[in-house]
Amino acid sequence: MRVIATACTFLAVTFALVAGLGTPALGAELPIKNPGTQMELLTVANIKDLLTELGAQGVESQEDGKNKSVAFKDGETPFHIILIGCEEQPGGCLGMVILVAIDAGSTNHPLESFNSFNTGNSFMTAMKLDGNKYAVTRMVVTEGGVTKKNVAVNIVNFAVAPELIMKHLASQIVAGVQQDGAQLQTASTGTSRAQPIRLSPAELARIAGLQHLPKQTGLTRR
């Protein structure tokens, strides 16, 4: 979310965070009302309101049975938020997954490239999708209650996910097999055509089905 990150002067904070140098900076100023409000149950409505306050564009929601998600843009980059844990308690959901999907064009990045990204990154997780698509995700669990500001910081800090994953993949070297024998080639061949994309409801539902809330020690599910 380049627009959001710039408006909130969060870019430097984000790079420090994803480099493993700290935790979300909750002391920074954010353009939101009542930042100390406790959020345990997430709904499409309160996520839409929060995104609007943060300055996201094109905020749209989708609810299809148990599948609930919100799509939005930061500049021209599309993002998604999938609500999870909705079956645990009536009236809302107990977590969310922030997601950005990227079409790698002609490049088929090996699974090892995503594994190496995940090994060195504790804030977000990369995963391969169908074809040459991949996604970066961040799970936020609100069971027990977290502040509105905490949820907002997680969203804003996710702003550089596309930049970070594409930079990482461009730095990878893989063995490629050509007709004239094996040779080294960069995994970034064709990544100049890589573009963040909006996923279909079916694709979002498939990803949602893979998400599971972690067991919360000391908390009782109702």
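Computed from a predicted structure; not experimentally measured. When a residue number appears, it is its place in the shown sequence, counting from 1.
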May I have the step-by-step check of side chain to side chain contact (heavy atoms under 4.5 Å, CB included) for T147 and Q38, ending in yes or no? CA-CA 4 Å; T147 65; Q38 290 290 305; 3.3 Å; yes
Side-chain contact, heavy-atom cut-off 4.5 Å: I165 with M124? no
Within the 4.5 Å heavy-atom criterion, are T142 and N150 side-chain neighbours or not? no
Would you please name every residue forming a salt bridge (charged side-chain N to carboxylate O under 4.0 Å, His left out) with K48, sequence neighbours left out? none
Kindly give the heavy-atom pair with the smallest separation between T43 and L83, and that separation in Å. C-CD1, 3.6 Å
Could you see if L111 belongs to whatever hydrophobic cluster contains M127? Use Ile, Leu, Val, Met, Phe, Trp, Tyr and a side-chain cutoff under 4.5 Å. no
Non-hydrogen side-chain atoms of V140 and I155 separated by less than 4.5 Å: no
Heavy-atom distance under 4.5 Å between the side chains of V97 and I207, does that happen here? no
With a 4.5 Å heavy-atom cut-off, do D64 and P201 have their side chains touching? no
Would you call R206 and N67 a side-chain contact if the rule is heavy atoms closer than 4.5 Å? no
Whether the side chain of Q57 engages the backbone of G75 through a donor-acceptor N/O pair (distance < 3.5 Å, no angle test) should be reported. yes
Heavy-atom closest pair (G92 atom, L41 atom, distance to 0.1 Å) is CA-CB, 4.1 Å
When the ring planes of H109 and F114 are compared, do they come out parallel, tilted or perpendicular, using 30° and 60° as the limits? perpendicular
For E53, give me all partners under salt bridge (charged side-chain N to carboxylate O under 4.0 Å, His left out), at least two apart in sequence or on another chain. K148
Side chain to side chain donor-acceptor pair (under 3.5 Å) partners of E63, counting only residues at least two apart: K68
Any disulfide bond (SG atoms under 2.5 Å apart) involving residues 89-126? Give me the pairs, sequence neighbours left out, ordered by first then second residue. C86-C93
Side-chain contact, heavy-atom cut-off 4.5 Å: M96 with M139? no
Taking the inter-plane angle between the rings of H168 and F117 on a 0 to 90° scale, is it parallel (under 30°), tilted (30 to 60°) or perpendicular (over 60°)? perpendicular
Less than 4.5 Å apart, any side-chain heavy atom of M166 and any of I102? yes
Before giving the answer on side chain to side chain contact (heavy atoms under 4.5 Å, CB included), spell out for L204 and L99 the whole-Å C-alpha distance, their side-chain angles and the decisive distance to 0.1 Å. CA-CA 10 Å; L204 289 173; L99 165 74; 3.7 Å; yes
Show me the pairs that pass disulfide bond (SG atoms under 2.5 Å apart) and involve residues 45-80, at least two apart or across chains. none
Using the side chain to side chain donor-acceptor pair (under 3.5 Å) criterion, which residues pair with T119? Sequence neighbours excluded. none
